[in-house]
Q: 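Got a structure for you, written out below as structure tokens; questions coming shortly.
From a predicted model like this one, the values you see are computed outputs, not experimental measurements. By convention here, the first residue in the shown sequence is residue 1. Counting convention: from 1, in listed order, for ligands and their atoms alike.
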Amino acid sequence: MHRSIWLVWLTIVLVACQPIAVPAPSAPAATLDEWSEGTPGVGDPIFPLLGNGGYDVQHYTIELSVDVMRNEIMGATSIRAEATLPLRSFTLDLLGLTVEKVTVNGAPAHFTRDGQELTIVPIAPLAASVLFTTVVTYAGTPTPIRDAHLDFVEQGWNRRDDVIFVVSEPQGAMTWYPSNNHPTDKATYTLRITVDEPYVVAANGVLREEIDHGARRTYTWEMAQPMASYLTTVVIGEFVRITEATSLGVEIRHYFPPQDADRLTQIFATTDEMIAFYGDLIGEYPFDAYGAAVMPFPLGFALETQTLPIFGLDLATEGVNAHELAHHWFGNAVTLASWDQIWLNEGFATYLQRLWLEHKLGREFLESGMRRYYEMLSAMKTPAPGMVDAQNLFSISVYERGAWVLHALRLRVGDELFRQFLRTYYARFKDGVASTEDFIALANEVSKQNLTGFLRSWIYDETLPPIPEVSQSFPASD
Ligand code: ARG
Ligand code: ZN
């Protein structure tokens, strides 16, 4: 163990070892065979082992001490969950690292590891609907996941130069903390991270507390609204924190590399206006804060990590900011129900990014852009966006034909009903998940038309459908 972090480590262990006040549930009159083993997956078509059945997480408290130079972490994650079945055992997703200890409701629990599954057997079984707290104490150097289908990124905890950044979509959260790693189980989070000076820690939500220990400093971040595990992030490095004035009470704070801070402050200066634009269009911004974490190097992508999207230096642009911000309504607040339906995330964010441009540059600009992508899609003979496999998760079909699903709906029902659809869809599924079938059913409901065949062919047919007739003219743009 690295000596300088020993004291912090000891503190974490002492805190983690405090008995938790929730009493072990007294086992009801169930016979032994009525207790189940929580399943090691939730049936995702692409990632069958992601997530776990039998419980529903409410809150994660992730407390880590990080040695940036050695890229070592040590600490404990505490998970408050509700059993949804009577459980004799259950699993969490965790890949790599060394688990030192697991407790359930303060009592040491037996655990085994097999690949990404950490199976836990509490000393007493858990009755259905009881709340229980699991604390996993662990350490090591996280290894991000390499996936041949997603060769542009290593998912999870990354270290490059003197910067640590977490980009998990879709699977990487399990490289740095144990979780129910599927978007269907969202939870709130506290992230308490200790690093050496002069490093700065940014994470999801609002910075609640900074404790100065001299050579080390602890940052406590709070994510008070539900968040899917793939949207958790931590960024550690020598960043400057830039705050922007806000007109709506959403705290705007960016983390920029010092040498690029002035230029980036200019680029991101429209953030407040964008939050207002999307808020008017869709419904109030769902979180307490927003801001960009821009890496001092290119990444080739950005990722909509909740309230703190990560940008490669190469993609720190106003357009990409509009895309990542739009994800906060569609993707983050309303989350995809399974990974093969990722068009619900990317189609929405891509189209909403265009709506920001339409707002700035006019309807003709939007129309000509959409037409260009339509021609590109028909020339490329891309697969349908609706039920993709692993290699098409971030494909042009998902982004651009996904955006076209929304544009086609808008052309078909007209601007007024389309706006009403966006607002209703957001209001109904906010803080939860939605599926393609939910999307279609709501389009039918709001339009009072049967659009099932029309939308299914845009979403699932291999052949690109014809561009619909405009049902009503666009209002003149100003
Ligand atoms: N969801 C991201 C976006 O729309 C793409 C992220 C790809 N990278 C990743 N680490 N999964 O911009
Ligand atoms: Zn996106």
Side-chain angles (χ1 to χ4, degrees), residues 44 46-47 50 95 142-160 163-176 181-183 204 227-235 274 278 282 290 292-295 297-336 338-357 373 385 388-406:
D44 190 275
I46 302 185
F47 304 109
L50 282 190
L95 191 61
T143 310
I145 300 168
R146 289 169 201 237
D147 179 337
H149 299 311
L150 306 173
D151 53 5
F152 55 92
V153 68
E154 292 187 8
Q155 299 159 53
W157 181 282
N158 278 263
R159 159 142 175 221
R160 188 178 305 177
V163 174
I164 285 168
F165 61 102
V166 173
V167 283
S168 290
E169 189 187 24
Q171 296 201 76
M174 61 193 177
T175 64
W176 66 288
N181 194 15
H182 192 268
N204 308 96
M227 174 163 74
S229 55
Y230 78 93
L231 296 169
T232 52
T233 196
V234 172
V235 173
M274 277 184 202
Y278 287 126
I282 310 160
Y290 181 83
V294 179
M295 300 300 105
F297 36 73
L299 288 176
F301 65 86
L303 181 64
E304 65 271 21
T305 36
Q306 196 152 298
T307 73
L308 189 72
I310 309 277
F311 294 76
L313 190 57
D314 53 335
L315 284 180
T317 66
E318 181 181 324
V320 177
N321 190 32
H323 180 104
E324 306 311 335
L325 175 62
H327 268 306
H328 283 68
W329 284 264
F330 299 114
N332 299 10
V334 179
T335 303
L336 76 182
S338 62
W339 284 108
D340 59 334
Q341 308 182 63
I342 192 172
W343 83 271
L344 290 166
N345 281 12
E346 300 307 341
F348 271 82
T350 302
Y351 192 57
L352 284 161
Q353 173 183 356
R354 303 270 156 72
L355 297 189
W356 167 254
L357 294 176
Y373 279 109
V388 291
D389 51 19
Q391 57 260 45
N392 284 302
L393 273 173
F394 299 103
S395 64
I396 186 169
S397 281
V398 162
Y399 283 75
E400 295 300 342
R401 195 162 150 189
W404 253 103
V405 173
L406 290 165

Q: List, ordered by chain and residue number, the protein residues whose closest non-hydrogen atom lies under 4.0 Å from any atom of ligand 1.
A: Phe152, Val153, Glu169, Phe301, Ala302, Leu303, Glu304, His323, Glu324, His327, Glu346, Phe394, Tyr399
Q: Tell me whether the rings of Tyr230 and Trp339 are parallel (<30°), tilted (30 to 60°) or perpendicular (>60°).
A: perpendicular
Q: Without hydrogens or angle criteria, can the side chains of His327 and Gln306 be said to hold a donor-acceptor pair below 3.5 Å?
A: no
Q: What is the ring orientation for His323 with Tyr399, classed by angle as parallel under 30°, tilted 30 to 60°, or perpendicular over 60°?
A: parallel
Q: Give a rough value, rounded to 10 degrees, for the angle at the Zn ion (ligand 2) between atoms NE2 of His327 and OE1 of Glu346.
A: 100°
Q: Measure from the ring center of Phe165 to the ring center of Phe297 and say whether it is less than 6.0 Å.
A: yes
Q: Restricting to N, O or S atoms, which atom of His323 is closest to the Zn ion (ligand 2)?
A: NE2
Q: Carefully, step by step, assess Arg354 and Glu400 under the rule salt bridge (Lys or Arg N to Asp or Glu O under 4.0 Å).
A: CA-CA 11 Å; Arg354 303 270 156 72; Glu400 295 300 342; 2.9 Å; yes
Q: With side-chain contact (heavy atoms from CB on, under 4.5 Å) as the test, pick out the partner of Phe330 among Leu336, Leu352, Leu344.
A: Leu352
Q: Using the ring centroid of each side chain, check whether Phe394 and Phe301 are separated by less than 6.0 Å.
A: no
